[in-house]
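What follows is a set of notes on a single structure, which appears directly below.
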Number of protein chains: 2
Amino acid sequence: MPDQTKPRREQIHDVASRLFSERGYHATSMRELAGALGMQGGSLYAHISGKEDLLIEIVNGASRQFDEALFSLRGVDLPADQKLRKAMRRHIRVVADNMDSATVFFHEWKHLSPEAYTRVTGWRDSIDHFYRELVTQGIEQGTFRADLDVRMTSNLILSAVNWTYTWYRTGGPLTPDDIADQFADMLLRGFSETSAAGSGMTGAGAGS
Amino acid sequence: MPDQTKPRREQIHDVASRLFSERGYHATSMRELAGALGMQGGSLYAHISGKEDLLIEIVNGASRQFDEALFSLRGVDLPADQKLRKAMRRHIRVVADNMDSATVFFHEWKHLSPEAYTRVTGWRDSIDHFYRELVTQGIEQGTFRADLDVRMTSNLILSAVNWTYTWYRTGGPLTPDDIADQFADMLLRGFSETSAAGSGMTGAGAGS
DNA sequence: CCTACCGATCGGTAGG
DNA sequence: CCTACCGATCGGTAGG
């Protein structure tokens, strides 16, 4: 079942992501994981040091992906609406391209040990902060309505991009960018000061 | 710790909701649950028939709450924007007033046995259907823009109302109705055909 | 990577 | 509602 060409550690990581996302961390036994990889329970420990290490790696990996996707946008000098669209594209792409680990990220992070838990909480906070900052900039630039509540606006954005992990299906009719653009179109119309609506390159636009 | 005035079964149900939401269904042992209720592990089975029955009750209870909140709105003859605002208020109120069981509803339903699983899936589908129908009506009435994609629009609404389970805190500065109204204001501006925006009784408006 | 095993803990039951 | 117990399964280790 797992991709034979990858290094064994990566295979374990991938299969664990799938099982943890489907059945949950605690409901997945190391013997099930081993079985899905065609080996015996005890053999796993030649490659990994423990069950929680697997969880930490998966959650950290997802955190890193969100981090890389968003934070390079921080310094970019673009109107807030265009920047938001780019951020939403990247954010949804991370979720869609990593459905298993994204699901584990959203559901299983409570089961981490205190240190790992704190680190993940910090990461989530900084993602929140990124969107709040973006909204603030948009208001200051006059791109977004001045009466927007920054926290609620970023909450609404985060709802849209994060909730995709529950309904996106790989191979469906919509690409992650399609989804991001449709959400951005609807949201930006509600955010914009002018009623001109949906500024900022809909559809086709460049990558990234 | 549990409310002494309630019947024992209800106490068990409440504490189980809290523990399942905090630690997850499989990570909560029956002995922990019993301990939190001040009794021994085996004593639980004088009141309940098994661990999964608890989960089923919690998830069914949450499903029923969503059901009751939304479906009475189905026949109501109101402009779609006002109806949407009402639905979002009720939906978020169910989440906010039942944070524990709502969290269990969103996270632990995969662990149900096939029959219970199928029933819950059906409930979720009918909630989806409610919002899609509402959006369709809004377009037909001319209240919403004709170029809205029904499925993506209802997805966006559901994202906003469901995701509240991750960040709402009881006793915070915002009431569930405040949250619903702010989300509705932003969304409805993006949905409306006219650029007049935010129709449909903002703020104060009647209950329900 | 396997076999064989460890102590611990699980959900649940019997009998009172 | 408690005590005492059941078989099953858990994560992990030793030795090869």
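Side chains are part of it too, since the values below use all heavy atoms of this structure and drop only hydrogens, waters and symmetry mates. In what follows, chains carry the letters A, B, and so on, assigned in the order in which the sequence lines appear, proteins first and then strands, with residues in each chain numbered from 1.
Nucleotide dC10(D) holds its P atom 11 Å from the CE atom of Met30(A), rounded to whole Å. In this structure, Glu32(B) atom CD and dT9(C) atom P are separated by 11 Å, rounded to whole Å. Between the P atom of dC10(C) and the CG atom of Leu19(B) lies a distance of 13 Å, rounded to the nearest Å.
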Close N or O pairs between protein and nucleotides 2-5 of chain C (under 3.5 Å):
residue, atom, partner, partner atom, Å
dC2(C), OP2, Gln40(A), N, 2.8
dC2(C), OP2, Ser43(A), OG, 2.6

Pair up each side-chain donor or acceptor in residues 19-30 of chain B with any protein partner under 3.5 Å, not counting sequence neighbours, and list the distances.
residue, atom, partner, partner atom, Å
Ser21(B), OG, Ser17(B), O, 3.3
Ser21(B), OG, Arg18(B), O, 2.9
Ser21(B), OG, Asp100(B), OD1, 3.2
Arg23(B), NH1, Glu32(B), OE2, 2.0
Tyr25(B), OH, Glu52(B), N, 3.3
Thr28(B), OG1, Leu19(B), O, 3.4
Thr28(B), OG1, Gly24(B), O, 2.7
Ser29(B), OG, Arg31(B), N, 3.4
Ser29(B), OG, Glu32(B), N, 3.1

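Tyr165(A) pairs by the ring pair (Phe, Tyr, Trp, His ring centres under 6.0 Å) definition with Phe106(A), His107(A), not counting sequence neighbours. Taking the side chain to side chain donor-acceptor pair (under 3.5 Å) definition, one finds that Lys110(B) meets it with nothing, sequence neighbours left out. Residues meeting the side-chain contact (heavy atoms from CB on, under 4.5 Å) test with Glu133(B), sequence neighbours left out: Arg74(B), His129(B), Gln137(B). Every residue was checked against the ring pair (Phe, Tyr, Trp, His ring centres under 6.0 Å) condition with Tyr45(B), not counting sequence neighbours, and none meets it. Residues forming a side chain to side chain donor-acceptor pair (under 3.5 Å) with Asn60(A) (at least two apart in sequence, or on another chain): none. Here Ser72(B) pairs with Arg90(B) under the side-chain contact (heavy atoms from CB on, under 4.5 Å) rule; sequence neighbours left out.
Listed by first and then second residue, the ring pair (Phe, Tyr, Trp, His ring centres under 6.0 Å) pairs that reach into residues 54-86 of chain A are Phe66(A)-His91(A), Phe66(A)-Phe105(A), sequence neighbours excluded. Sorted by first and then second residue, the salt bridge (charged side-chain N to carboxylate O under 4.0 Å, His left out) pairs with a member in residues 123-132 of chain B form an empty list; sequence neighbours excluded.
A heavy atom closer than 4.0 Å to some atom of DNA chain C occurs in Ala46(A), His47(A), these being the qualifying members of residues 44-52 of chain A.
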Checklist entry - How does DNA chain D read in dot-bracket, base by base from 5' to 3', with Watson-Crick or G-U pairs under 3.5 Å and | used when the partner is on another strand? => result ||||||||||||||||

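Under a 3.5 Å cut-off, the side chain of Gln182(B) and the backbone N or O of Asp149(A) do not form any donor-acceptor pair.
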